[in-house]
Amino acid sequence: MSESQKVADRSDAAPPAVNSVDRFFKISERGSTFGREIRGGFATFFTMAYILVLNPIILGSAKDKFGHQLDAVQLTTATALVAAVMTIIMGVGGNLPLALAAGLGLNAVVAFQIAPLMSWDDAMGLIVLEGLLICVLVVTGLREAVMHAIPQPLKQAISVGIGLFIAFIGFVDAGFVSRIPDAANTTVPVQLGGTGTLTGWPILVFCLGVLLTIGLLARKVKGAILISIVTMTALAIVINSIADIKSWGLTTPSWPDKLVDAPDFGLIGHFDLFGAFSAPGVGVITVVLLVFTLILSDFFDTMGTVVGISAEAGLLDEEGKVPNLGRVLLIDGAAAVAGGAASASSATSYIESAAGVGEGSRTGFSNLVTGGLFGLALFLTPLLTIVPLQAAAPALVAVGFLMMTQVKHIDWDRYDIAIPAFLTIAVMPFTYSITNGIGAGFLAYVVIKTVLGKAREIHWLLWGTSVLFLVYFAIDPVEQLLGAK
C-alpha cells in the first residue's frame with residue numbers, strides 16, 4: 001500500500017473534529033491528536049534550538065569589509081524573533097509541521113563570503129533581495145511547477161537522502177564522528193570520536209540517548225523522542241555538575257544563573273536592498289552571482305525539506321504533491337525576506353522538523369508550539385538553551401531511520417531511476433548539502449534519459465533546472481570566464 005493510500009484510508013476513518021481548531025488544522029482528519037501535535041512541537045523546538053546559539057556564533061564571529069561585527073545578544077534576539085514569527089505563519093498559512101529559522105550554510109555564506117566584500121547592511125540587503133525574487137518565482141508558479149515536474153522516485157530519494165544527511169548531522173554534532181585533520185595524511189575523511197575512539201562523558205550521553213530513543217521507538221512509546229531529549233538533558237546536567245568536562249560544544253548543560261533576560265531588537269531593519277550593487281570594489285557580475293547562489297541553495301534546500309517532511313508525515317497525495325504547496329513556498333520565501341530584514345540571515349524550512357513528525361505531528365498546530373517556544377526564547381534564552389547537542393542529536397539519528405524506510409518505494413531494477421536516486425541519496429550526506437544531492441540526481445537523470453533515447457520523457461523544467469545546476473557546480477570556472485575572479 002502506498003503512502004498516499006495510507007493517508008486516504010486514514011482520512012476516511014478519521015473521527016469527526018472536536019472543535020473549530022481541530023477543523024481548521026485538520027488534526028483529526030489527518031489522524032493526529034492535540035497531544036501528538038504538542039509533543040511534536042516540543043521535539044522540533046529542542047532539536048533545532050541550537051540555532052539560537054549557532055547563528056550568533058557564525059554571524060557574530062565574522063567582520064564586514066569595514067571591520068564591523070554584529071552584536072551577539074542582538075543576533076540571538078533576531079534569530080529567535082524570525083523563527084517564532086515565521087514558524088507560526090507557516091503553521092497557520094501552510095498547515096504543515098514545518099518550522100523555520102536561520103538557515104545553516106546560508107548564514108556561513110553571508111558571514112564569510114558576502115560580508116567581507118561589503119557592509120553588513122548591504123549583505124543583509126542581498127538576503128532580502130533573494131527572498132523577494134524567490135517570492136516572485138512562487139507567485140509566477142515557476143517554483144511550484146519545478147517541484148511537480150520531479151519524478152516521484154526522485155522525490156522519494158530526496159527524502160531518503162535527507163534521512164541519511166540528518167542522521168549524519170546527529171553523529172557529527174554529538175562528536176560521535178569527527179573530521180580527521182588534513183595533517184593526519186590519511187585518505188579517510190572522518191573517524192570515530194575525536195581520536196579514533198569514543199572518549200568523554202558527552203559522548204556517553206549521546207550513546208545512551210541513541211539507545212534510549214531506539215528502544216522507546218521499538219516499543220512504540222508515545223513521546224519517545226521528546227522523552228529521550230528531556231531525560232538525557234537532565235542526565236547531562238547532573239554529569240556536568242559532578243564531572244570535570246572540558247567542553248560540551250556549543251551548549252553547556254548547566255542550570256543558568258538567571259531564567260529571564262531582556263531581548264535586544266537593535267538589528268531589526270538594518271539592511272540596504274540595493275547597496276551591494278554600488279559597494280566599492282564589488283562588481284555587478286559578482287553581486288548577481290552571489291544572489292544566484294543564494295537563490296539556488298535556498299530554493300532546492302526548501303524543496304527537499306518540504307517534500308521530505310511531507311512524505312514522512314504521509315501528507316503527499318496520489319501524485320506525490322504537497323498540500324498547500326503554493327502557500328508553503330511563498331511563506332518560505334517571505335521567511336528569507338524576514339531573516340535579511342532582521343539581520344539574522346536567510347530563514348528557511350528546517351529538516352529538523354522531522355523530529356516533530358516522528359512524534360506524530362501532522363499539521364501546522366505543532367508549529368504554534370514550536371513558534372511559541374521560540375517566542376519564549378526571546379525572554380527565557382538562558383533556560384531554553386541548556387539542551388546540549390549530545391541530548392538532542394539522538395533524535396536526528398532516530399528520524400534518519402524513519403525517513404530511510406522510504407527507500408523501499410524506489411525501483412532499483414530501473415537504472416534510469418535507480419542511478420539518479422542513488423546519487424541523490426549518497427551526495428547529500430557526503431557533501432553535507434541537500435542542494436548538492438538534488439543537483440547530482442537531476443543531472444544524472446537528464447543525462448541517463450538522454451543516453452537511453454528517452455529525452456522526451458524529461459520535463460522541460462528539469463532541463464532548465466539541470467542547466468542551472470551545471471552552472472552551480474561549475475561556478476568557479478564560470479566566475480573566471482565572466483571576469484568575476
Engineer: What's the verdict on side-chain contact (heavy atoms from CB on, under 4.5 Å) for M403 and V160, showing C-alpha distance, side-chain angles and the deciding distance?
Structural biologist: CA-CA 6 Å; M403 298 186 73; V160 175; over 6 Å; no

Engineer: Determine the minimum heavy-atom distance between A335 and A347, stating which atoms define it.
Structural biologist: O-CB, 3.3 Å

Engineer: Distance only, no hydrogens: is a donor on one side chain within 3.5 Å (strictly under) of an acceptor on the other, for T302 and T348?
Structural biologist: yes

Engineer: For F165, does the CZ atom sit with more than 12 other heavy atoms under 6.0 Å from it, leaving out its own atoms?
Structural biologist: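 Yes, enclosed.
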
Engineer: Quick one: closest heavy-atom pair of I134 and G333, and the distance?
Structural biologist: CG2-CA, 3.9 Å

Engineer: Is there a side-chain contact between T79 and Q74 in this structure, where contact means two heavy atoms from C-beta onward sitting under 4.5 Å apart?
Structural biologist: no

Engineer: S247: which residues meet the side-chain hydrogen bond (donor to acceptor under 3.5 Å, both in side chains) condition with it, sequence neighbours left out?
Structural biologist: none

Engineer: Could you go step by step and tell me if N367 and T370 meet the side chain to side chain donor-acceptor pair (under 3.5 Å) rule?
Structural biologist: CA-CA 5 Å; N367 277 32; T370 304; 5.3 Å; no

Engineer: Does atom CZ of F265 have more than 12 heavy-atom neighbours, drawn from other residues, nucleotides or ligands, at distances under 6.0 Å?
Structural biologist: yes

Engineer: So does W412 have more than 12 non-hydrogen atoms from other groups sitting under 6.0 Å from CH2?
Structural biologist: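 Count over threshold, so yes.
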
Engineer: Check whether E359 reaches the backbone of R36 with its side chain - one donor and one acceptor, N or O, closer than 3.5 Å.
Structural biologist: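 It does not hold such a pair.
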
Engineer: Does any part of the side chain of P151, heavy atoms only, come nearer than 4.5 Å to the side chain of Y445, both counted from C-beta?
Structural biologist: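 Of all side-chain heavy-atom pairs linking P151 with Y445, at least one is under 4.5 Å.
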
Engineer: Does a side-chain heavy-atom distance below 4.5 Å link L96 with I309?
Structural biologist: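 With C-beta onward as the side chain, the pair stays apart.
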
Engineer: Looking at I88 and G372, what are the two nearest heavy atoms and their distance?
Structural biologist: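 Reported closest heavy-atom pair: CD1-N, 4.3 Å.
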
Engineer: Looking at every heavy atom in both A392 and T47, which two are closest together, and how far apart are they?
Structural biologist: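 For A392 versus T47, the nearest heavy atoms are O-CG2, 4.1 Å.
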
Engineer: Roughly how far apart are T363 OG1 and L98 CG, rounded to 0.5 Å?
Structural biologist: 12.5 Å

Engineer: I'd like to know whether T252 forms a side chain to side chain donor-acceptor pair (under 3.5 Å) with S254, so could you lay out the CA-CA distance, the side-chain angles of the two residues, the decisive distance to 0.1 Å, and finally the verdict.
Structural biologist: CA-CA 6 Å; T252 300; S254 59; 5.8 Å; no

Engineer: Is the backbone of S361 close enough, under 3.5 Å, to the side chain of E37 for a donor and an acceptor to pair up by distance?
Structural biologist: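 Answer holds: no.
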
Engineer: Kindly determine whether T213 and M232 satisfy side-chain contact (heavy atoms from CB on, under 4.5 Å), including the steps that lead there.
Structural biologist: CA-CA 10 Å; T213 305; M232 300 320 297; over 6 Å; no

Engineer: I would like to know whether I229 and V387 meet side-chain contact (heavy atoms from CB on, under 4.5 Å); could you show each step before the answer?
Structural biologist: CA-CA 8 Å; I229 293 174; V387 179; 4.1 Å; yes

Engineer: Can any side-chain N or O of D332 pair as donor or acceptor with the backbone N or O of S349 at less than 3.5 Å?
Structural biologist: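 Pair found, side chain donor or acceptor close to backbone of S349.
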
Engineer: Rounded to the nearest 0.5 Å, how far apart are CG of L81 and CE of M86?
Structural biologist: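 One gets 10.5 Å once the value is rounded to the nearest 0.5 Å.
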
Engineer: E352 versus L396: any side-chain heavy-atom pair under 4.5 Å?
Structural biologist: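 Touching, per the 4.5 Å side-chain cut-off.
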
Engineer: Tell me whether the count of non-hydrogen atoms from other residues, nucleotides or ligands lying under 6.0 Å of OH in Y472 goes above 12.
Structural biologist: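 Correct, the count exceeds 12.
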
Engineer: Nearest 0.5 Å, what's the CG-CG distance between N107 and N55?
Structural biologist: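 Nearest 0.5 Å value for the CG-CG distance: 5.0 Å.
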
Engineer: Strictly by modelled atom types, are T197 and T199 linked by a side-chain donor-acceptor pair under 3.5 Å?
Structural biologist: no

Engineer: Quick check against the 3.5 Å criterion: does D264 have a side-chain atom that pairs as donor or acceptor with the backbone of T77?
Structural biologist: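 Here the side-chain-to-backbone pair does not exist.
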
Engineer: Ignoring hydrogens, what is the shortest heavy-atom contact between P388 and W248? Give both atom names and the distance.
Structural biologist: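 Taking every non-hydrogen atom into account, CB-CE3, 4.1 Å.
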
Engineer: Can you tell me how far OG1 of T44 sits from CE of M48, rounded to the nearest 0.5 angstrom?
Structural biologist: 7.5 Å

Engineer: Is the side chain of S178 donor-acceptor paired with the backbone N or O of G175 at a distance under 3.5 Å, no angle test?
Structural biologist: no

Engineer: Heavy-atom count around F401 CZ within 6.0 Å, excluding the residue itself: above 12?
Structural biologist: no

Engineer: Would you check if the side chain of D64 reaches a backbone N or O of W120 as a donor-acceptor pair within less than 3.5 Å?
Structural biologist: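 Checking the backbone N and O of W120 against the side chain of D64, a donor-acceptor pair under 3.5 Å is found.
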
Engineer: I need the minimum non-hydrogen distance between L267 and D71, along with the two atoms involved.
Structural biologist: CD1-O, 4.4 Å

Engineer: Mind running side-chain contact (heavy atoms from CB on, under 4.5 Å) on Q152 and H409 for me, showing each step along the way?
Structural biologist: CA-CA 10 Å; Q152 181 65 8; H409 299 300; over 6 Å; no

Engineer: Quick one: CG on L290 to CG on L129, what's the gap to the nearest 0.5 Å?
Structural biologist: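 Taking CG in L290 and CG in L129, the distance rounds to 11.5 Å.
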
Engineer: Does any N or O in the side chain of Q191 come within less than 3.5 Å of the main-chain N or O of G194, such that one atom is a donor and the other an acceptor?
Structural biologist: yes

Engineer: Below 4.5 Å, heavy atoms only, C-beta onward: do Y415 and I448 meet side chain to side chain?
Structural biologist: no

Engineer: When you measure from the side chain of T231 to the backbone of S228, do you find a donor-acceptor pair of N or O atoms at a distance under 3.5 Å?
Structural biologist: no

Engineer: Which one of V307, I417, I410 satisfies the side-chain contact (heavy atoms from CB on, under 4.5 Å) criterion with Q156?
Structural biologist: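 Answer after filtering V307, I417, I410: I410.
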
Engineer: Counting N and O atoms only, with roles assigned by atom type, does the side chain of H270 sit under 3.5 Å from a partner on the main chain of G266, one being a donor and the other an acceptor?
Structural biologist: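 The answer is yes, because a donor-acceptor pair under 3.5 Å joins these two groups.
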
Engineer: Taking CZ in F469 as the centre, count heavy atoms belonging to other residues, nucleotides or ligands within less than 6.0 Å. Is the count above 12?
Structural biologist: yes

Engineer: Give a yes or no answer on whether the side chain of R362 reaches the backbone of V357 with a donor-acceptor pair at less than 3.5 Å.
Structural biologist: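 Yes; at least one donor-acceptor contact below 3.5 Å.
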
Engineer: Indicate the ring-plane relationship of F176 and F171, choosing parallel, tilted or perpendicular according to the 30° and 60° boundaries.
Structural biologist: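 If you compare the ring of F176 with that of F171, the planes turn out tilted.
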
Engineer: At what distance, to the nearest 0.5 angstrom, does CG of L443 lie from OG1 of T465?
Structural biologist: 10.0 Å

Engineer: Taking C-beta and beyond as the side chain, do V287 and L126 meet within less than 4.5 Å on heavy atoms?
Structural biologist: yes

Engineer: Run the side chain to side chain donor-acceptor pair (under 3.5 Å) check on D298 and S346 step by step: do they pass?
Structural biologist: CA-CA 8 Å; D298 205 345; S346 179; 3.0 Å; yes

Engineer: Do L380 and V260 have side chains that approach each other closer than 4.5 Å (heavy atoms only, starting at C-beta)?
Structural biologist: yes

Engineer: Less than 4.5 Å apart, any side-chain heavy atom of T233 and any of I237?
Structural biologist: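 With C-beta onward as the side chain, the pair touches.
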
